[in-house]
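The block underneath contains the structure these notes are about, expressed in structure tokens.
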Amino acid sequence: GSIFMLINIVVAAWIIGSMTLLMLTGDNKTREYRESLEILDQYGYMHKFDQILMNKLKKQLKLEFHNREVSDDMVLRYFPSAVRRKILRQLYYEHLAKTDLME
């Protein structure tokens with residue numbers, strides 16, 4: 001009975017520790033994002049950016065933070081160059097074709 005109880009305590013402690021670690025990791029990312037937003041707000045106020053520009057900058061910052069963990073390079077580095085080119089062409093060709101350099 002006491003061995004079962006000891007094992008139960010160890011497993012419960014491990015689960016609680018793992019959950020705490022996951023929450024702290026997520027909290028650090030949230031804190032970093034909030035700090036970046038505060039810095040952006042101060043910078044925009046200091047340089048008198050209009051609200052439209054500030055909204056665009058905030059959306060870009062949010063996109064950067066949400067996509068930081070998954071980039072094209074991280075995913076595509078395992079594939080041959082021909083496959084990488086095909087995927088990148090499919091992802092970006094339409095957008096690049098609209099730029100002044102490609103016209």
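Remember, it's a predicted structure, so these values are computed and weren't measured experimentally. One is the number of the first residue; the rest follow in order along the sequence.
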Can you run down the salt bridge (charged side-chain N to carboxylate O under 4.0 Å, His left out) pairs that involve residues 78-90, sequence neighbours left out, and say none if there aren't any? none
With Glu38, which residues qualify under salt bridge (Lys or Arg N to Asp or Glu O under 4.0 Å), at least two apart? none
To the nearest 0.5 Å, atom CG of Asn8 lies from atom OG of Ser2 at 12.5 Å
Kindly check if the number of other-residue, nucleotide or ligand heavy atoms within 6.0 Å of CD1 (Ile3) is above 12? no
Is the CD atom of Gln90 crowded by more than 12 outside heavy atoms at less than 6.0 Å? no
Take Lys62 and Tyr33, measure what side chain to side chain contact (heavy atoms under 4.5 Å, CB included) needs, and give me the verdict at the end. CA-CA 8 Å; Lys62 183 178 181 179; Tyr33 175 66; 3.4 Å; yes
Pairing residues for Arg34 by the salt bridge (Lys or Arg N to Asp or Glu O under 4.0 Å) criterion, not counting sequence neighbours: none
According to a 4.5 Å side-chain heavy-atom criterion applied to Ile, Leu, Val, Met, Phe, Trp and Tyr, with indirect links allowed, do Leu21 and Ile16 form part of one hydrophobic cluster? no
May I have all residue pairs that pass side-chain hydrogen bond (donor to acceptor under 3.5 Å, both in side chains) and include part of residues 49-59, sequence neighbours excluded? Asp41-Lys58, Gln51-Asn55
Is there a path from Leu91 to Tyr93 through hydrophobic residues (I, L, V, M, F, W, Y) whose side chains come within less than 4.5 Å of each other? no
Would a hydrophobic clustering, with Ile, Leu, Val, Met, Phe, Trp and Tyr connected at side-chain separations under 4.5 Å, put Leu40 with Tyr45? no
Contacts of Tyr92 that satisfy side chain to side chain contact (heavy atoms under 4.5 Å, CB included) - sequence neighbours left out: Asp72, Leu88, Leu96
One pair to check against side chain to side chain contact (heavy atoms under 4.5 Å, CB included): Gln42 and Met46. What are the steps and the verdict? CA-CA 6 Å; Gln42 292 171 0; Met46 184 172 60; over 6 Å; no
With side chains defined as the heavy atoms from C-beta onward, is the minimum distance between Gln60 and Leu63 less than 4.5 Å? yes
The criterion is ring pair (Phe, Tyr, Trp, His ring centres under 6.0 Å); which residues satisfy it with Tyr43, sequence neighbours excluded? His47, Phe49
